[in-house]
Peer 1: 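Mind having a look at this structure? Questions to follow.
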Amino acid sequence: MFEKLKEKKFAISLLWFLLPAIAGFLKWKQHSTNNYDIFKGVFHHTVHKLNLYNLYPAEYFDSNHYGPLFSLVIAPFALLPDYIGVPLWTVFNAFVLYKALMVLPVHNNSKWILLLLTLVDLMTASHSVQTNPAVAGMIILSWYYVKKDKVVWAALFVLLGTFIKLYGIVGLAFWVFSKQKVKYILWLFVWSILLFCLPMIISSPDFILQSYFDWYKSITEKNLTNQTIINGVGNRQDVSIMGLFRRVTLINNFSNLLFIIPGFLLQVLPLLQFKLYKNVVFQMQYLGSLLIFIVIFSSSSESPTYIIALAGVAIWFVCQTLPIKKSTWILLIFVIIITSLTATDLFPPTIRDFFTFYSVKALPCIVVWFVCVYQLFNFGENTSASKWIIQE
């Protein structure tokens, strides 16, 4: 199987970039680029000093929830005609994740497996013209550069992800694996100042400072909206462990912290195994669990967000020892069908809506996360290295 994948690596890579480009072009052709219109608005509104989080029904529906720094990220695309900008944007996001997966310390055959396992969700994100592939890539790169002992770059990717969409902040967990912890902290401080101030070059200090306060308010309000249930049915947000509980039990008056705090503790406790910090398999499996964690414990998670979780599932899969257990194959197939494929046209709209509105889409990734955390807790009892991973 691995040799066949190796022979077809060019085709897989070609599909990885070609399909998002086609998706972006089709979305432009269909005049269905609302998310992209929001992204462009971040740039134009920053330049003209208009509140980044107000509603602009003449430009798009919904509102922006990205940080002021995003205005510079989207700027090169926003300045292009949409028929060029939209496809380039989807390809750019695909590229960031592609680059991140390709630098992982796994054998070449394993890299094509990583691409294949995430390709469907890459397309789901691309059809929504979303940033999530790039967000996943930045988190992976923040770990990779810690592993390569390049803390300047590691700190940069953590803060880029944080200043753009907050999710990137989980990359701070990889600080414990760093050999230069003090230098890492110093560069976090330096990059924080630079990235905080950088949008001011196309706007003004007062406007950007106010925008950060507005961003916090916007995120707080969005979190409450995401948890809304009407007649027992949720919206397209909150496809998470909390959303699944809400929509199955119809109990809505509870704090997300009842789930997030225990989940956070389970996510952090494996790091008490200090002797395993130098083990690259342990580090990669922790990376995979963290990518899943930020999605299944976020009330902002929606179908296109699951490219982040699927990247985590794929990394978890290549951390398994060979031969792969039957139970692992079953769980992987469960993820592919319920989480990935139910978002595609292979299923009729009513089925797709069921898995999203009732948060069932989250269930397979929730199970994988628990399995992954269990394996991390028991890693000391089974230290045999995965044959998929290069031991450096």
Side-chain angles (χ1 to χ4, degrees), residues 1-9 12 97 100-121 136 139-141 143-144 146-148 173-174 176-177 266-296 308-340 363-392:
M1 179 184 73
F2 296 151
E3 284 303 317
K4 289 182 179 179
L5 283 176
K6 186 175 181 180
E7 294 171 3
K8 297 178 179 179
K9 63 183 181 182
I12 298 170
L97 181 54
L101 294 175
M102 289 297 100
V103 298
L104 287 175
V106 297
H107 294 289
N108 284 335
N109 293 327
S110 304
K111 291 180 180 179
W112 316 126
I113 292 173
L114 290 171
L115 293 179
L116 283 173
L117 291 178
T118 50
L119 183 58
V120 173
D121 283 271
I139 295 170
I140 295 170
L141 289 170
W143 170 77
Y144 170 74
V146 164
K147 178 184 172 297
K148 300 299 288 185
F174 308 134
V176 301
F177 301 138
L266 285 176
Q267 183 64 55
V268 170
L269 286 175
L271 293 177
L272 293 177
Q273 301 175 96
F274 306 112
K275 62 182 179 181
L276 296 175
Y277 280 12
K278 294 182 180 180
N279 188 304
V280 67
V281 183
F282 177 82
Q283 287 191 24
M284 277 192 61
Q285 185 148 344
Y286 193 82
L287 166 64
S289 69
L290 200 61
L291 287 166
I292 301 170
F293 169 82
I294 58 172
V295 176
I296 64 172
I308 302 173
L310 260 292
V313 171
I315 292 170
W316 162 78
F317 183 71
V318 299
C319 286
Q320 303 305 298
T321 54
L322 296 175
I324 301 296
K325 295 178 181 179
K326 183 179 179 180
S327 58
T328 300
W329 282 113
I330 292 172
L331 187 50
L332 181 66
I333 293 169
F334 184 42
V335 172
I336 292 172
I337 294 175
I338 303 301
T339 301
S340 295
L363 181 59
C365 288
I366 293 170
V367 176
V368 171
W369 180 75
F370 276 109
V371 170
C372 192
V373 170
Y374 174 81
Q375 291 176 346
L376 286 168
F377 274 118
N378 292 278
F379 198 90
E381 300 173 10
N382 180 24
T383 55
S384 57
S386 168
K387 296 179 182 178
W388 309 59
I389 296 176
I390 299 172
Q391 295 290 325
E392 297 179 348

Peer 1: Strictly distance-based, threshold 3.5 Å: is any side-chain N or O of Gln273 a donor or acceptor partner for the main-chain N or O of Pro270?
Peer 2: yes
Peer 1: Once you measure the plane-to-plane angle for Phe282 and Phe379, does it fall in the parallel (<30°), tilted (30-60°) or perpendicular (>60°) bin?
Peer 2: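 It falls in the perpendicular class, over 60°.
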Peer 1: Side chains of Val318 and His107: does their closest heavy-atom pair fall under 4.5 Å?
Peer 2: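 Result no, sub-4.5 Å side-chain heavy-atom pair not found.
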Peer 1: Are Val106 and Ile113 side-chain neighbours, meaning at least one heavy-atom pair lies under 4.5 Å?
Peer 2: no
Peer 1: Within the side chain of Tyr277, is there an N or O that forms a donor-acceptor pair under 3.5 Å with the backbone of Leu271?
Peer 2: yes
Peer 1: May I have the step-by-step check of side-chain contact (heavy atoms from CB on, under 4.5 Å) for Leu266 and Phe293, ending in yes or no?
Peer 2: CA-CA 10 Å; Leu266 285 176; Phe293 169 82; over 6 Å; no
Peer 1: Please give me the minimum heavy-atom distance between Gln283 and Lys147, naming the atom from each residue.
Peer 2: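 That would be OE1-CB, 4.5 Å.
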Peer 1: Which heavy atom of Ile315 sits nearest to which heavy atom of Leu114, and what is that distance?
Peer 2: N-CD2, 3.8 Å
Peer 1: Mark yes or no for whether Trp112, through its side chain, and Asn108, through its backbone, hold a donor-acceptor pair below 3.5 Å.
Peer 2: yes
Peer 1: Only counting residues at least two apart or in another chain, list the ones meeting side-chain contact (heavy atoms from CB on, under 4.5 Å) with Leu331.
Peer 2: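 With neighbours one apart ignored, the set is Trp316, Phe334, Val367, Val368, Val371.
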Peer 1: Could you pull out the closest heavy-atom pair between Ser289 and Leu376, with the gap in Å?
Peer 2: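 Nearest pair, atom of Ser289 first, then Leu376: OG-CD1, 3.7 Å.
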Peer 1: Give the ring-plane orientation class for Phe177 versus Phe174, where under 30° counts as parallel, over 60° as perpendicular and anything between as tilted.
Peer 2: parallel
Peer 1: Please name the pair of heavy atoms, one in Ala136 and one in Leu97, separated by the smallest distance, quoted to 0.1 Å.
Peer 2: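 The pair with the smallest heavy-atom distance is CB-CD1, 4.0 Å.
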Peer 1: Taking Ile336's backbone N and O only, do any of them form a donor-acceptor pair with Thr339's side chain (distance below 3.5 Å, no angle check)?
Peer 2: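 Not at all, since once roles are kept as given, no pair shorter than 3.5 Å links the two residues.
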Peer 1: Check Ile292 against Trp369 and note the closest heavy-atom contact, atom names and distance.
Peer 2: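 Reported closest heavy-atom pair: CG2-CB, 3.7 Å.
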Peer 1: Between CD1 of Ile140 and CE of Met284, what distance do you get to the nearest 0.5 Å?
Peer 2: 8.5 Å
Peer 1: Might you point out which heavy atoms bring Leu101 and Lys111 nearest each other, and give the distance in Å?
Peer 2: O-CG, 4.2 Å
Peer 1: Check each of Leu291, Ile338, Val313, Val295 against Cys365 using the side chain to side chain contact (heavy atoms under 4.5 Å, CB included) test, and report the only one that passes.
Peer 2: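 Among Leu291, Ile338, Val313, Val295, the one meeting side chain to side chain contact (heavy atoms under 4.5 Å, CB included) with Cys365 is Val313.
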Peer 1: Can you tell me how far apart NZ (Lys148) and CH2 (Trp143) are? Round to the nearest 0.5 Å.
Peer 2: 9.5 Å
Peer 1: Atom CG of Leu276 and atom CD of Gln285: how far apart are they, to the nearest 0.5 Å?
Peer 2: 11.0 Å
Peer 1: Below 4.5 Å, heavy atoms only, C-beta onward: do Leu104 and Leu287 meet side chain to side chain?
Peer 2: yes
Peer 1: Just verifying a value: how many Å separate Leu116 CG and Ile12 CD1, rounded to the nearest 0.5 Å?
Peer 2: 4.0 Å
Peer 1: Quick one: does Leu117's side chain get under 4.5 Å of Leu332's, heavy atoms only?
Peer 2: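 Leu117 reaches Leu332 side chain to side chain.
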